[in-house]
Student: 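Sharing a structure below in structure tokens format, with a few things to ask.
Below, read A as the first sequence line, B as the second, and so on, with proteins coming before strands; counting in each chain starts at 1. As the structure is a prediction and not an experimental result, all values here were calculated from the model.
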Protein chains: 2
Amino acid sequence: MQAHSPLLDRQLKAIANPQRRQVLEWLRDPRAHFAPQVDGDLVADGVCALRIEEKLGLAQPTTARHLKVLVDAGLLVPKRIKQWTFYRRDEAGLAALRAGLSEQL
Amino acid sequence: MQAHSPLLDRQLKAIANPQRRQVLEWLRDPRAHFAPQVDGDLVADGVCALRIEEKLGLAQPTTARHLKVLVDAGLLVPKRIKQWTFYRRDEAGLAALRAGLSEQL
DNA sequence: TTTGAATATTGCATTTTTGCGATCTATGCA
DNA sequence: TGCATAGATCGCAAAAATGCAATATTCAAA
């Protein structure tokens with residue numbers, strides 16, 4: 001039998017929400033979904049939280065929590081530059097999720 | 001951008017719960033996890049709800065609802081024989097889930 | 001047709017998730 | 001230093017998920 005994995009559990013809960021999946025999908029190709037930024041490369045550094053917030057159409061604290069859930073699940077990498085936080089996908093975490101799924105499902 | 005898929009959403013919510021994942025995993029190899037049954041083949045027909053219930057250690061209505069969530073998500077196939085309901089994996093639905101994931105994630 | 005067994009459904013309490021406004025913290029710039 | 005901006009956190013309300021006991025339904029056998 002399979003041991004219960006807290007990480008996989010957090011990851012699956014994280015992607016069980018449509019808006020969080022939406023963010024992950026946008027960040028697959030940031031240039032296709034977000035305008036260029038001044039203080040951080042869209043791909044190398046990630047997308048500014050404010051841009052994600054306005055695209056999601058949710059309040060700032062709500063968006064911040066969604067992003068935190070994704071970071072805590074190891075699916076997003078945050079990067080602080082000046083007073084901004086940029087987010088990009090954590091491809092290693094996403095690979096772990098896929099691996100965990102194919103093992104458990 | 002990706003259209004929101006209600007099916008994928010239901011499937012991901014379904015597997016976001018550890019006990020429902022446990023059921024899916026047990027049913028990958030029913031003979032390894034359940035004793036033989038009189039009225040229905042473990043593999044061809046599926047596993048009796050009562051057996052799943054006692055193995056999960058949850059009350060009967062709770063287990064019934066978990067199973068319903070999985071059926072509604074297209075991840076389990078129910079089969080009524082006499083007064084029993086047997087459940088087996090819906091491999092087509094699981095394949096759709098994998099496909100939806102690799103497309104959206 | 002009554003009885004018993006297995007499952008499904010209902011109703012309710014508890015917990016978790018999700019949303020928001022208000023506030024606190026960190027950073028940059030005048 | 002003072003002030004503005006971006007983001008994180010707190011506190012709360014509404015909604016959804018999860019558990020159970022009680023009850024209804026379905027089916028088989030007496």
Student: What parts of residues 70-83 of chain B reach DNA chain D, counting only heavy atoms under 4.0 Å away?
Tutor: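 Within this stretch, Lys82(B), Gln83(B) sit under 4.0 Å of the strand.
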
Student: Quick one: Lys13(B) NZ to dT16(C) C1', roughly how many Å, whole number?
Tutor: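 Atom NZ in Lys13(B) sits about 12 Å away from atom C1' in dT16(C).
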
Student: Just do the side-chain contact (heavy atoms from CB on, under 4.5 Å) check on Leu24(A) and Arg89(A) with the steps written out, would you?
Tutor: CA-CA 7 Å; Leu24(A) 285 175; Arg89(A) 287 160 58 97; 4.2 Å; yes

Student: dA6(D) P sits how many Å from Ile52(A) CD1, rounded?
Tutor: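 Atom CD1 in Ile52(A) sits about 14 Å away from atom P in dA6(D).
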
Student: How many Å lie between CZ on Arg51(A) and P on dT5(D), as a whole number?
Tutor: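 Those two atoms, CZ and P, are 16 Å apart.
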
Student: Return the value, rounded to whole Å, for the distance between atom CG of Leu12(B) and atom C1' of dT17(C).
Tutor: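 Those two atoms, CG and C1', are 16 Å apart.
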
Student: Rounding to a whole Å, what distance do you find between Lys68(B):NZ and dA8(C):P?
Tutor: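 To the nearest whole Å, that distance equals 9 Å.
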
Student: Phe34(A) vs Trp26(A) aromatic rings, parallel, tilted or perpendicular, using cut-offs 30° and 60°?
Tutor: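 Answer is perpendicular, since the angle exceeds 60°.
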
Student: Over how many whole Å does the gap from Ile15(B) atom CD1 to dA17(D) atom P extend?
Tutor: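 Those two atoms, CD1 and P, are 15 Å apart.
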
Student: Taking the side chain of Arg20(B) as heavy atoms from C-beta outward, which of dT18(C), dT18(D), dT9(D) is closest to it?
Tutor: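 Among dT18(C), dT18(D), dT9(D), the one nearest the side chain of Arg20(B) is dT18(D).
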
Student: Is the shortest heavy-atom distance from the side chain of Leu76(A) to the side chain of Val71(A) under 4.5 Å?
Tutor: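 SC-SC contact between Leu76(A) and Val71(A) confirmed.
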
Student: I want to verify a distance call: between dC10(D), dG7(D), dG19(C), whose nearest atom is closest to the Arg65(A) side chain?
Tutor: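 Of the options given, the side chain of Arg65(A) lies nearest dG19(C).
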
Student: Of the nucleotides dG19(C), dA6(D), dC20(D), which one has an atom closest to the side chain of His66(A)?
Tutor: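 Closest of the options to the side chain of His66(A): dG19(C).
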
Student: Base, sugar-phosphate, or nothing for Phe86(A), non-hydrogen atoms under 4.0 angstrom?
Tutor: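 Nothing, no nucleic acid heavy atom in range.
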
Student: Side-chain heavy atoms under 4.5 angstrom apart, residues restricted to Ile, Leu, Val, Met, Phe, Trp, Tyr: same cluster for Val77(A) and Tyr87(A)?
Tutor: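 They do not share one cluster, since no chain of ILVMFWY contacts under 4.5 Å joins Val77(A) to Tyr87(A).
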
Student: Are OP1 or OP2 of dT18(C) and a side-chain N or O of Thr62(A) less than 4.0 angstrom apart?
Tutor: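 Indeed not, no polar side-chain atom of Thr62(A) lies that close.
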
Student: In whole angstroms, how far is the P atom of dT18(D) from the CD atom of Gln22(B)?
Tutor: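 The answer, rounded to whole Å, is 15 Å.
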
Student: Considering the options Arg51(B), Lys79(B), Lys82(B), which one meets the salt bridge (Lys or Arg N to Asp or Glu O under 4.0 Å) requirement together with Asp39(B)?
Tutor: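 Between Asp39(B) and the candidates, salt bridge (Lys or Arg N to Asp or Glu O under 4.0 Å) is satisfied uniquely by Lys82(B).
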
Student: Quick check on DNA chain C: between Pro18(A) and Pro61(A), whose nearest nucleotide comes earlier from the 5' end?
Tutor: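 In this pair, the answer is Pro18(A).
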
Student: Please examine the side chains of Val69(B) and Arg20(B), heavy atoms only from C-beta on, and report whether any two atoms are closer than 4.5 Å.
Tutor: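 Yes. Closest side-chain heavy atoms under 4.5 Å.
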
Student: Can you tell me if the side-chain N/O atoms of Gln60(B) get under 4.0 Å from OP1 or OP2 in dA22(D)?
Tutor: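 No.
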
Student: Is the distance from OP1 or OP2 of dT18(D) to the nearest side-chain N or O of Asn17(B) less than 4.0 Å?
Tutor: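 Answer yes for this pair, as a side-chain N or O of Asn17(B) is under 4.0 Å from OP1 or OP2.
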
Student: Between Glu53(A) (CD) and dT5(D) (P), how many Å, whole number?
Tutor: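 It is 14 Å, rounded to the nearest whole Å.
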
Student: Can you check whether Gln37(B) reaches Phe86(B) side chain to side chain, under 4.5 Å on heavy atoms?
Tutor: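 Yes. Closest side-chain heavy atoms under 4.5 Å.
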
Student: Counting just side-chain N and O atoms, does Thr85(B) come under 4.0 Å of either OP1 or OP2 of dA6(C)?
Tutor: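 It does not, given that no N or O in the side chain of Thr85(B) lies less than 4.0 Å from OP1 or OP2 of dA6(C).
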
